[in-house]
Structures are given as C-alpha cells and as structure tokens.
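Notes for the one structure printed next.
All values below come from the heavy atoms of this structure, side chains included, with hydrogens, waters and symmetry mates left out. Ligands are counted one by one from 1 in listed order, and the atoms in each one are counted from 1 as well. Positions are given from 1 along the sequence.
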Amino acid sequence: MKPVKVGICGLGTVGSGTFNVLKRNEKEISRRAGRVIRVEEIGARRENSNCDTKGIQTTSDILAVAMNPEIDIVVELIGGYEKALELVLTAIEHGKHVVTANKALIAEHGNEIFEAAQRKNVMVAFEASVAGGIPIVKAIREGLAANSINWLAGIINGTGNFILTEMRDKGRSFDEVLAEAQELGYAEADPTFDVEGIDAAHKLTILASLAYGVPLQFSKAYTEGISKITTDDVNYAEELGYRIKHLGISRRTEEGIELRVHPTLIPEKRLIANVDGVMNAVVVDADAVGPTLYYGAGAGSEPTASAVIADLVDVVRTMTADRDNRVPHLAFQPTRLSDTPILPMEQVKTAYYLRMSAVDHPGVLAEVTRILADQGVSIDSILQKSTHKNLVPVIILTHQVQEKQMNSAIQQIEALSDISGDVTRIRVEQLDAN
Ligand code: HSE
C-alpha cells in the first residue's frame, strides 16, 4: 500500500512533538494504521530546534500545504481562529482530511467545519482538542455509545489546575505559578484564556456536544475564572472536607443542558479532587456504565502529539469508508442532532459556599440566615472564625438552590450594613453518581 501523505501546519510545541513521535514510532504506527504515515510537507513560519526536519519540504505558506495535491491529510497545529479556519476550510475544499488540536476553532466554528467536511466527504478529527493526551473524545463518542449520559465534569485546563495546586500545597503566588506554566509550554498564548476559564469552556462545549448530540454552542457557556480565589478560601474549603477545583460541568436536566465553567468545591475524597498539577481528568456519569474517570496529561508536546497521531491512524483506517459508515463528528448522526436548549446560568441548581466579613455583634447571623430562608436557601453548615478584629469571616455551605435565588440572596446580604465588602460565592458539587 502507498504511504499516506501528511502536511503538518504549525511546528510549535505540539507540531514538533507530532513530528518526533511519528518518526520515532513509525513502525509501530504503520503496523496499527495498515499504511506508512509520511510527513510530506511542513507549513511553519520558523524551524523548531526540538525536531530535525531535514529533507522534508517546508514552506511558510500554510495554505499551499492545504492545496498541495500530493497531501492526503492536513494537520492543523497553528492554533488561533481566523487563519486556522481558513486553513481548515481550504484543506476541506481541496478534498483533504483534517486533524486538529484547536479547541477554540472546533468550539466556535465546528458546526460550519463539520458541514463543509460532510459535503466534501472528508473527515475532521479533533481528539487533541480536549484534555491533551487523554482519549476522552473517543471514549465518549465510541466507548460510551450504548449510554444515555447524565453529566460530565472535568479538570480540563492544566494551567489552572497547576496554579490552584501550587497555591494550596506551597502557598506560591498566582503570578509566579502562571509564569512557570508559560515556560513549560502549557499556558495559552493569551493566559487569560486559562485563568478566566475560556479554554476550559471551549473544551467543555465540545464534550457536551459529544455527550448529548447537540450542536456546538460555545456562546451559551457560563464562564468564571479562578483569579478571585484566595488562600483563605482554599483553607476553609479544606477545613470543611472539600478541595477547590476549576471544573467544566455539563449536566442534562429536564429543562435543558447545563454548560458551565467555574471554581467548584468538591469533596476531598473524590478521585478527581486529588488530580493535581497540570494533570487533567474527566468524570462521565452514564446510565448503563455508571461513573467512569479518565485521567492523564492534558497538555504538553508529546502527550498532545499522542492524540493527534491517534486521530491520524483513525483517519487512515477509515479513509476508504463512505461518510455514512464513519464515526460521526459529534458522535450522533448529523441529521439526528437534538435541539435541547442550553440552560441559562440563572436556572442552574447547585449548592454554594459563601464567605463574607461580618461585624461581630448579636443578630448579624440571624439577618443573613433570614435572607437565605426567604429565598428558599437551606443551610448545610456554618463556620464562624474568631479573630481579634471587629470583622469576622463567616462561611456558609448551603443545600442546592437555583442560581437566580442565590443571586438575589447575595445582593441582599451585601446590602446589609453589618456585612463588609462582597460575598464570595463558590459553587459546590458532590459529583456522586445518580
Ligand atoms: N492551555 C491549555 C492547558 C493547554 O493549560 O490545559 C491544553 O489545551
């Protein structure tokens, strides 16, 4: 059989890893794919000293790679939006299959890309776009195909998890840890994407579409970052038996699908609460199998290359199958996607951790609990820390209530003259199986 010819666009962290692993494991990979996978051309603005591309045709014009008649599969590893979209659509238009690690591109333009691919009868594979080396796309799309999925929750941004872990374990500052993540090549080009949850929301959008068979709807995801989490919150959470993790959560309810990224208190005894550093993990709760957990490196050169190459192998194996006999892009047949709505955050029901600074005199707590009761919020526990100051920190854990009710309660509590400053609110999830 003739080798399959691949064009790699982008020779950064993931591109160089992909090139190196393809070369190093060439024999094993071709035994699996049934054909040799050969890098025919590289499209990159500059060389990368981490890989030796001598003898490979190289161009700085990535669109030329997408149009090269010799190439069967274009691997998009340039990241970003406009240029990547142009590259992918050009490749599809020229009848190439596409492998991409670009979560922003899939989350925001995936519907358009898959439609174009369907029209041209080519595949677009994106395993590396979510949780780096963890084969979570394949697990949901194929491994869990028998199930009705109830919910999924994941630590899907390594940089954010690294920051929270180092803050908790070593008391290091936010900025210092972020700088280290950037040096290690984990952080996004714009690190606010990591710490403000945008990167995680891109990945969650993709996971939810695969889990429930709905079109990609990134614009409806609720996104809250970790930059306001303090060491005090981390410590109080520990005292209450919880860890704070930056989670992407998607749950199917009768009213619609929840799609939310925010810092979350989870019981410390859950396996996912103990996923530290840059590691990622996703729990999927499904009706037949129950909860399953997927854990591994969520970023980095070769872990992400592992997912890119798995996609290459998949594409090579199914290159001759017609479109109706391939695994559909979003797990469900394109004509059978559902229009279940994404729930606005105000309609989401969850439990809460509230922290506030209260003036230390009789009746303050009674006022706070009265407001909560009026909004139908039931209290799980209260922690009041004694200090020598006039203001004392009060921490309240609540039972589940609709976000709308909690917003109103917080607004009223903040208006009390005996409460100083804002109320910190962190959502709490038990993550137990249904
Ligand atoms: N910036 C991402 C992370 C890289 O930290 O997880 C992988 O998508």
Grab the two heavy atoms, one from R270 and one from Q430, that are nearest each other, plus how far apart they are. NE-O, 2.5 Å
When you check the side-chain N and O atoms of D190 and T192, is any donor under 3.5 Å from an acceptor? yes
Of the non-hydrogen atoms in N147 and D287, which two are nearest, and what is the gap between them? CA-OD1, 3.5 Å
Will you find, in the side chains of R425 and N407, an N or O donor that is under 3.5 Å from an N or O acceptor? yes
Report the relative orientation of the aromatic rings in F114 and H329; use parallel for angles under 30°, tilted for 30 to 60°, perpendicular for over 60°. parallel
With hydrogens left out, which residues have an atom under 4.0 Å from ligand 1, given that only heavy atoms count? K103, N157, G158, T159, Y186, A187, E188, D194, D199, K203, G298, A299
Do T350 and E403 pair up side chain to side chain, a donor and an acceptor below 3.5 Å, judged on atom types alone? no
